[in-house]
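Accompanying notes for the structure given below.
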Amino acid sequence: MNVTNQAQALLTPFAMGDLDLTNRVALAPMTRARAGETRLPNALMAEYYVQRAGAGLLITEATSVSEQGIGWVGNPGIYTDAQGEAWQQVTDAVHAAGSKIFLQLWHCGRTSHSDFHGGEPAVSASAIRIEGDGVHTPLGKKDYEVPRALETDEVFGVVADFVAAARRAKAAGFDGVEVHGANGYLLDQFLQSATNKRTDKYGGSVENRFRLMREIVEGVIEVFGAGRVAVRLSPNGVYNGMGSDDFRETFRYAAEQLDDYGLAYLHVMDGLAFGFHEKGEPITLPEFRAYFRGPLMGNCGYDQDTAEAAVASGAADMIAIGRPFIANPDLVERYRNGWPLAADTEMTTWYGGDEAGYTDLPSYREA
Ligand SMILES: Cc1cc2nc3c(=O)[nH]c(=O)nc-3n(C[C@H](O)[C@H](O)[C@H](O)COP(=O)(O)O)c2cc1C
């Protein structure tokens, strides 16, 4: 084993506000869809997170804040008290294992389908359909549909749902929440000009397009305090039909505005490994650094070397790792010891199913 000082930056502790993280590796939020029709967190999910508690911070899979926000089969919710209470087994287990855990708050917006909503269309900023591949609904794979644009006076209800979800998350023992503003879901649909053609106070100027995110962040901060609230953005992503000509100006504005709050961290999917919209040069972490002075988390396609370089250079404070963490529950220990990584799992076990491809992946010591 040849561990230089530089090779240790990623694995050094990080004081994220008043939270002491054991290292700078985060488990990236990953939908694994093991919550069933009730969308209740369960013991299998607790086991999955505990297995990955070597990460300094665990970010949960995207979790629905409301029935309106549902759009995926089998992902967990936090829109009922029973769901909130069921999350406690996850937070207790993760804390006992020595890590910290943030809940990712999610509203799917137009990526959903009427099959999830009793035949009513999904909602979005504007009535613009996603082009391309379809959506898995409880009734099978379907084409995307034209969503219904939320009325101005309905937007408050979305904010209220995020705030109520944050309250349940706090009661369930989460250390904080990550507002899902990335990957073409509802907040991203409002933020980006390609999907927001509104003429009310939530559309048009970048200030107006950012308004929903601002209202949600401010509402959630009232619950948790700013130091326990994070936001995820995907400035370069094409996933779910995203990408806007003015992406640089939009995300610069968002970062500058979010900087004022003193958030726990800003999570930026800077890498291109999840798809790139090719609307211009990708926005890099150093570019975000110029607008956002708080803790910055990078993500997308990082391995140990590139994550190490990003932290050692000061470009990022933390790096979130996704796919490698599926097959390597003890990923951080492998990094620390220079142990080889197991190959990525089959996509067929990513979403839904049982422990196969989920909690049955051995650690290096077990293999
Ligand atoms: C199976 C799977 C599920 C995912 N679910 C989510 C999710 O719930 N929320 C989210 O923000 N990103 C989600 N993502 C994106 C990841 O957080 C991450 O951005 C992506 O995998 C790129 O990072 P990686 O190259 O380290 O895997 C998911 C990715 C995968 C592979």
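This chain uses plain numbering: 1 for the first residue, then up along the sequence. Both ligands and their constituent atoms are indexed starting at 1 by order of listing.
For Arg32, no nitrogen or oxygen atom sits less than 3.5 Å from a nitrogen or oxygen atom of ligand 1, counting backbone and side chain alike.
Nearest protein heavy-atom contact of atom 7 (C) of ligand 1 is Pro29 O, 3.4 Å. From the protein, the heavy atom lying nearest to atom 5 (N) of ligand 1 is Thr31 N, 2.8 Å. Of all protein heavy atoms, the one lying nearest to atom 15 (C) of ligand 1 is Phe274 CZ, 3.7 Å. Closest protein heavy atom to atom 10 (C) of ligand 1: Arg232 NH1, 3.1 Å.
Aromatic ring orientation, Tyr239 versus Tyr185: perpendicular (interplanar angle above 60°, classes split at 30° and 60°).
Using modelled atom types and a 3.5 Å distance limit, the side chains of Tyr202 and Glu215 yield a donor-acceptor pair. Side-chain contact, Thr195 with Gln189: no donor N or O sits under 3.5 Å from an acceptor N or O.
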Verdict with reasoning, Gln257 to Arg214, per side-chain hydrogen bond (donor to acceptor under 3.5 Å, both in side chains): CA-CA 8 Å; Gln257 296 300 308; Arg214 179 191 298 288; 2.7 Å; yes
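No cation-pi contact links Arg34 to Tyr48, judged by a cut-off of 6.0 Å to the six-membered ring centre and 45° from its axis.
Across Arg209, Gln192, Lys279, a single residue satisfies side chain to side chain donor-acceptor pair (under 3.5 Å) together with Asp246, and that is Arg209.
Proximity annotation for atom 23 (O) of ligand 1: of Asn299, Ile319, Leu27, Asn299 comes nearest, heavy atoms only.
Remark: distances from the non-hydrogen atoms of Tyr351 to ligand 1 include one below 4.0 Å.
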